[in-house]
Protein chains: 2
Amino acid sequence: MTSPIPTGLSRRELNKAATRQAIADAALALLRAKGAGAFTVEDIAEGAGVSRRTFFNYFPTLEAALASVVDSFLEHALIEFRKRPADESVLESARAALMALADPMAAAPMAELFSLTQDNRVLARSELEAWDNCTSKVIDAVRERLGSDTDELYLRALAGSVISCGKAAMTVWFEACGPDLSPASLSILRQQLINAMGLLGSGFATPANLPGSHHATSTSPSPERF
Amino acid sequence: MTSPIPTGLSRRELNKAATRQAIADAALALLRAKGAGAFTVEDIAEGAGVSRRTFFNYFPTLEAALASVVDSFLEHALIEFRKRPADESVLESARAALMALADPMAAAPMAELFSLTQDNRVLARSELEAWDNCTSKVIDAVRERLGSDTDELYLRALAGSVISCGKAAMTVWFEACGPDLSPASLSILRQQLINAMGLLGSGFATPANLPGSHHATSTSPSPERF
DNA sequence: CATGGTATTTACACTAAGTGCAAGTTTGCA
DNA sequence: TGCAAACTTGCACTTAGTGTAAATACCATG
């Protein structure tokens with residue numbers, strides 16, 4: 001039988017991917033329906049049409065299933081990063097790659113996860129892990145670009161800072177706009193990402209509480225919370 | 001009986017602190033003796049002479065008891081940071097505060113934890129949480145210094161980057177020197193911390209794959225590379 | 001120093017996480 | 001077609017983490 005789509009993946013691999021996705025989807029659906037911490041692995045497994053044991057074949061913990069949203073969100077940016085020309089500065093590439101995150105399709109699940117897990121400690125831990133994971137991947141990508149003899153401290157400090165700044169931009173954006181994905185809101189996100197990379201590139205030299213600062217950030221002292 | 005030490009703490013508070021420390025110590029001792037993941041909360045409680053339930057009154061998880069080592073390590077640096085003059089640049093204060101970490105007394109438990117948990121992902125998660133926790137505290141400290149009207153993005157991006165760079169320096173140092181706490185090794189750690197802050201302050205402008213790579217310099221000027 | 005109020009510890013019971021194992025089912029391949 | 005490898009499942013088991021109520025330790029009174 002010839003596969004209708006000439007994909008390089010075997011049926012086994014397709015099935016696995018589908019199962020994994022089904023589990024992640026079921027987890028997110030339950031998060032939506034019941035709120036954080038109000039459902040079990042068994043519930044997720046049932047929702048995904050799979051046994052409890054199989055759940056654990058795919059994800060080590062319940063939170064990991066939810067954090068897979070963050071994973072694919074960040075993976076998205078990483079792919080963009082690798083597409084950038086090798087002679088571009090790392091920070092410029094990072095800026096460009098992060099722009100991909102301000103896309104409705106990419107940001108939607110992430111923003112939803114953000115809004116649903118604001119106050120959950122356990123879940124936050126898995127999110128941290130996802131960001132950290134991404135940092136490792138950025139380190140690899142940058143090393144690949146700059147050569148394997150690049151100073152290890154430079155690599156790690158740079159990658160860590162880029163991710164921290166990306167995270168900061170996301171956090172500030174979300175606190176200002178909430179799960180709003182309108183073009184206006186996403187434009188603010190883009191601007192925050194650009195600003196964050198700018199701060200990093202300038203060594204945080206600009207005292208940001210000075211009057212200058214003609215950014216699109218007149219939203220920052222916004223008194224409204226949502 | 002008058003208390004021999006005129007401390008302002010009640011016996012209750014002293015007992016609590018002692019119990020907490022006993023639990024953390026017992027956890028670290030077990031980690032040393034049996035290795036990561038080879039002992040239970042019950043073991044720790046027994047080692048600390050306390051009931052299992054009491055353990056959970058002090059720490060939410062087993063890993064948290066071990067990560068308390070990281071907590072107090074970072075707390076140490078934070079205290080130094082707050083001691084710095086308010087008109088100093090944040091990066092300079094951070095550099096000075098991080099120097100406190102290259103002290104045998106402070107670094108010893110941390111280095112040991114590092115070497116004992118290299119390959120444990122559950123434990124790594126709690127360490128991540130400790131660093132993240134510290135980031136929040138740095139944000140507060142910096143906001144306190146620069147005024148509450150400081151741009152939130154600036155605060156978060158700066159604090160996150162500083163912590164990332166500190167972490168990078170620790171990681172690189174540990175990978176190079178292992179748990180060695182000799183003056184020579186600690187001097188390397190200090191230099192890595194200085195270099196990391198220098199990179200941050202210069203916007204990562206220095207192409208690090210240049211020959212000499214002894215960039216203890218180029219800290220002060222901030223070339224607007226963006 | 002007795003006495004009562006409050007904080008802390010403990011035992012017990014319970015739900016749910018996570019893992020090892022062996023048997024069943026599906027897929028890939030010759 | 002049939003076999004080997006990968007995947008799924010059920011079952012049993014240990015441990016994490018939490019609620020509750022009784023017991024114990026601390027602290028302030030008179």
Side-chain angles (χ1 to χ4, degrees), chain A residues 1-24 26-27 30-31 34-68 119-126 129, chain B residues 1-3 7-24 26-27 30-31 34-68 120-126 129:
Chain A
M1 276 138 312
T2 55
S3 91
I5 306 164
T7 166
L9 298 171
S10 70
R11 167 163 229 123
R12 249 187 195 138
E13 282 161 323
L14 288 174
N15 282 349
K16 283 198 78 163
T19 302
R20 191 181 176 81
Q21 194 57 50
I23 293 173
L30 278 164
L31 183 64
K34 305 191 146 189
F39 55 96
T40 71
V41 168
E42 192 148 18
D43 296 332
I44 300 176
E46 189 183 345
V50 115
S51 77
R52 195 181 97 94
R53 191 63 183 79
T54 294
F55 173 94
F56 285 111
N57 287 342
Y58 282 86
F59 296 100
T61 65
L62 186 153
E63 304 86 49
L66 290 169
S68 75
D119 52 341
N120 192 293
R121 280 186 78 248
V122 190
L123 197 44
R125 248 188 288 176
S126 274
E129 204 178 359
Chain B
M1 292 274 202
T2 55
S3 98
T7 167
L9 298 171
S10 71
R11 168 167 233 116
R12 262 198 182 127
E13 282 160 324
L14 288 174
N15 282 348
K16 283 198 77 162
T19 302
R20 193 181 174 81
Q21 194 57 51
I23 293 174
L30 278 164
L31 183 65
K34 306 191 145 190
F39 55 95
T40 71
V41 169
E42 192 148 20
D43 296 332
I44 300 176
E46 189 183 345
V50 114
S51 78
R52 195 180 96 93
R53 192 60 183 82
T54 294
F55 173 93
F56 285 111
N57 287 343
Y58 282 87
F59 296 100
T61 67
L62 186 153
E63 303 87 49
L66 290 169
S68 73
N120 191 297
R121 50 191 84 76
V122 189
L123 197 43
R125 247 186 289 176
S126 273
E129 204 178 359

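Below, chain A is the first sequence line, B the second, and so on; all start at residue 1.
Using a 4.5 Å heavy-atom cutoff, the side chains of B:Glu42 and B:Phe55 are not in contact.
Atom CZ in A:Phe56 sits about 13 Å away from atom C1' in D:dT15, given to the nearest Å. Atom CG of B:Leu30 is separated from atom P of D:dT15 by 14 Å (rounded to the nearest Å).
In summary, contact between chain A and DNA chain C, defined as any nucleotide atom under 4.0 Å from a heavy atom of the protein, begins and ends at C:dA16 to C:dG28 in the 5' to 3' direction.
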Taking protein heavy atoms under 4.0 Å as touching, what does nucleotides 2-11 of chain D look like 5' to 3' if B marks base contact, S marks sugar-phosphate-only contact and - marks none? ---BBSBBBB
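Taking CD1 from B:Ile44 and CG from B:Leu62, the interatomic distance works out to 4.0 Å, rounded to the nearest 0.5 Å. Interatomic distance, NZ of A:Lys16 versus CG of A:Asn57, reported as 8.0 Å (0.5 Å rounding). Rounding to the nearest 0.5 Å places CD1 of B:Ile23 at 6.0 Å from CZ of B:Phe59. Remark: A:Arg125 CZ to B:Arg125 CZ distance equals 6.5 Å, nearest 0.5 Å.
Contact detail for B:Ala26 and B:Gly47: the closest heavy-atom pair is CB-C, 3.9 Å. Heavy atoms only, all atoms of each residue included: B:Ser68 and B:Ala24 are closest at OG-CB, 3.6 Å.
A distance-only check finds no donor-acceptor pair linking the side chain of A:Arg52 to the backbone of A:Val41 [under 3.5 Å].
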